[in-house]
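All ligand and atom numbering here is 1-based and tracks the order in the structure. Any value given below was found using the heavy atoms of this structure, including those in side chains, with hydrogens, waters and symmetry copies removed.
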Amino acid sequence: MSFDVAAIREQFPILKREIDGNPLIYLDNAATTQKPQCVIDALVEYYTTCNSNVHRGAHRLADEATRHFEAARDIVKDFINAPKREEVIWTTGTTEGINIVANGLAALLSAGDEVIATGMEHHANLVTWQQACKASGATLKTVPVLESGELDLDAYQALLSAHTKFVAFPHVSNALGTVNPIKEMTAKAKQFGALVLVDGAQGAAHRKIDVQEIGCDFYAFSGHKIYGPMGIGALWGKESVLAEWPVWRTGGEMISTVTLQDATWNVLPYRFEAGTPNVGDAIAMGEAIRWLSALDREAVEAHEKALLDHATALAEQFEGLTIIGKARDKAGVLSFVMDHGHPADIGFLLDRQGIAVRTGDHCAQPLMARFNVPGTARVSFSIYNTLEEVDALFAALKKVRSMLA
Ligand SMILES: *Cc1c(COP(=O)(O)O)cnc(C)c1O
């Protein structure tokens, strides 16, 4: 086994923290992952040695900052196997990437057109399309979620038609962990000529991404969910689509020429990057991806699967606990409710024992409604979690249940 979890943990300084005398057990990785020292160092290094505005300085620091910034773009390009670096746009995160696409899409849509999303979306990948449809008179349709937590692919097939202009779905559900068959789903949409966006917020950290193999038009993800900083993310989009699209935000950098009355636009990717970009965080996100890519990704996946399998086995034996979402292919998420106690109470009492989980609707209210729950307690695993932590979680849950019963 080429995976040494102790050596990984050593690289994450925050994991040495204690909460009220208990060692921190961080199981909220679907909300944000912790950062390895090399990412923290990359940020400090940038601000210590070459902080400068990019693309516009005729001096050494500006040159260095630009070089590192654009090198980070190349790291993202390679990470998702994008054909061209011009297709990688820096964003503030998945949410902004999706909004950039919605802005372009709204101009394409008209009454009679249809957009398809799913019943397991994060609000970022649902409300955005609701708004684009409302603004254009298009209709939003959604793929139902089966009891297993998988998408109803027959229903998806039936929704597709010549009216379908755009399809969006998550690579991995943040609330249930379901890994969707994104390649097959994309191929089906492409039979009808629809554009396809994959919300990769939960996919990027857990699965190898190859946008050319997926065949989609857009893939959006966030730095902070793959061991990088908050406030930075990337949107990949096909040049053939993006080059035709209206501009998003206007301002410096995204222009080519400006007169008092008019302006022309810069080339990709700068056309979609108005204003001073988040240089330091982009560089640190590049470092996070470099760090992750240097690991044996199959071993990482196997480790995360072992954690999930162990947790699922313990959950299935746990009295009064119901798992929400039992898809055959899942990535690192165990969502559940218990017979006693609201999810918020469970989260509170776990925190008292040093264990960080997420409770609530996970920005997926329609999905919670689908399962008739007010919310769930969600345990989400990452590279640095251990089987011992899973055992500690269930020992703690036992105490929680006896307190709430
Ligand atoms: C977190 C998340 C988002 C939003 O990402 P931000 O980093 O908050 O912009 C969108 N979709 C899914 C599936 C997510 O998990």
Side-chain angles (χ1 to χ4, degrees), residues 27-35 39 76 80 89-103 117-132 142-143 145 149-151 167-182 185 196-207 209 214 216 218-236 248 272 278 281-282 284-285 288-289 304 324-325 327 329-335 357-368 370 375-376 378-382:
L27 298 173
D28 191 18
N29 295 286
T32 198
T33 56
Q34 299 303 342
K35 322 303 171 197
V39 168
V76 172
I80 58 175
I89 297 164
W90 291 116
T91 63
T92 58
T94 308
T95 302
E96 188 174 81
I98 291 170
N99 274 274
I100 291 174
V101 175
N103 176 68
T118 79
M120 65 165 68
E121 302 303 337
H122 185 285
H123 296 154
N125 204 33
L126 181 67
V127 179
T128 326
W129 314 124
Q130 292 171 356
Q131 292 298 103
T142 53
V143 183
V145 178
E150 294 172 347
L151 290 172
V167 179
F169 41 77
H171 191 168
V172 175
S173 157
N174 63 307
L176 306 180
T178 311
V179 181
N180 291 310
I182 55 173
M185 290 181 72
V196 175
L197 174 136
V198 179
D199 170 356
Q202 298 293 337
H206 300 292
R207 291 289 187 271
I209 315 297
I214 298 164
C216 56
F218 305 99
Y219 194 96
F221 64 110
S222 302
H224 72 98
K225 289 176 177 170
I226 48 162
Y227 313 106
M230 289 188 177
I232 188 75
L235 169 70
W236 169 78
W248 154 242
F272 290 97
N278 187 350
D281 287 320
M285 178 172 167
I289 292 174
E304 291 176 353
I324 307 293
D329 191 4
K330 280 178 71 169
V333 170
L334 183 77
S335 239
V357 302
R358 198 71 159 186
T359 61
D361 61 35
H362 315 296
C363 298
Q365 289 179 12
L367 185 63
M368 298 299 115
R370 155 69 185 81
T376 69
R378 179 188 69 185
V379 170
S380 54
F381 298 111
S382 183

Checklist entry - Counting only heavy atoms, which portion of Pro170 has something under 4.0 Å from ligand 1: side chain, backbone, both, or neither? => result neither

With a cut-off of 4.0 Å, which atoms of ligand 1 are near a heavy atom of [X]?
X	value
Ser222	5 (O), 6 (P), 7 (O), 9 (O)
Thr94	4 (C), 5 (O), 9 (O), 10 (C)
Thr95	4 (C), 5 (O), 6 (P), 8 (O), 9 (O)

Separation between [atom1] of [X] and [atom2] of [Y], rounded to the nearest 0.5 Å:
X	Y	atom1	atom2	result
Leu235	Leu197	CG	CG	7.5 Å
Thr142	Met120	OG1	CE	11.5 Å
Leu367	Thr178	CG	OG1	8.0 Å

Checklist entry - Between the side chain of Arg370 and the main-chain N/O of Val145, is any donor-acceptor distance below 3.5 Å? => result yes

Item to check | Exam field: side chain Ser222 to backbone Thr94, donor-acceptor pair closer than 3.5 Å | outcome: yes

Next on the checklist: Is any side-chain heavy atom of Lys35 closer than 4.5 Å to one of His224?
Outcome noted: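 Yes - at least one pair of side-chain heavy atoms lies under 4.5 Å apart.
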
Next on the checklist: With a 4.0 Å cut-off on heavy atoms, is Asn125 in contact with ligand 1?
Outcome noted: no

Next on the checklist: Just to check, does His224 reach to within less than 4.0 Å of ligand 1 when the distance is taken from its heavy atoms?
Outcome noted: yes

Item to check | Geometric N/O contact Glu96 with ligand 1, under 3.5 angstrom | outcome: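 Glu96 vs ligand 1: no N/O contact under 3.5 Å.
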
Checking a contact table here: which protein heavy atom is nearest [atom], and how many Å away?
atom	result
atom 1 (C) of ligand 1	Lys225 NZ, 1.2 Å
atom 15 (O) of ligand 1	Gln202 NE2, 2.6 Å
atom 13 (C) of ligand 1	Asp199 OD2, 3.3 Å

Checklist entry - Is any side-chain N of the basic residue among Asp329 and Arg207 closer than 4.0 Å to the acidic one's carboxylate O? => result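 Salt bridge: yes.
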
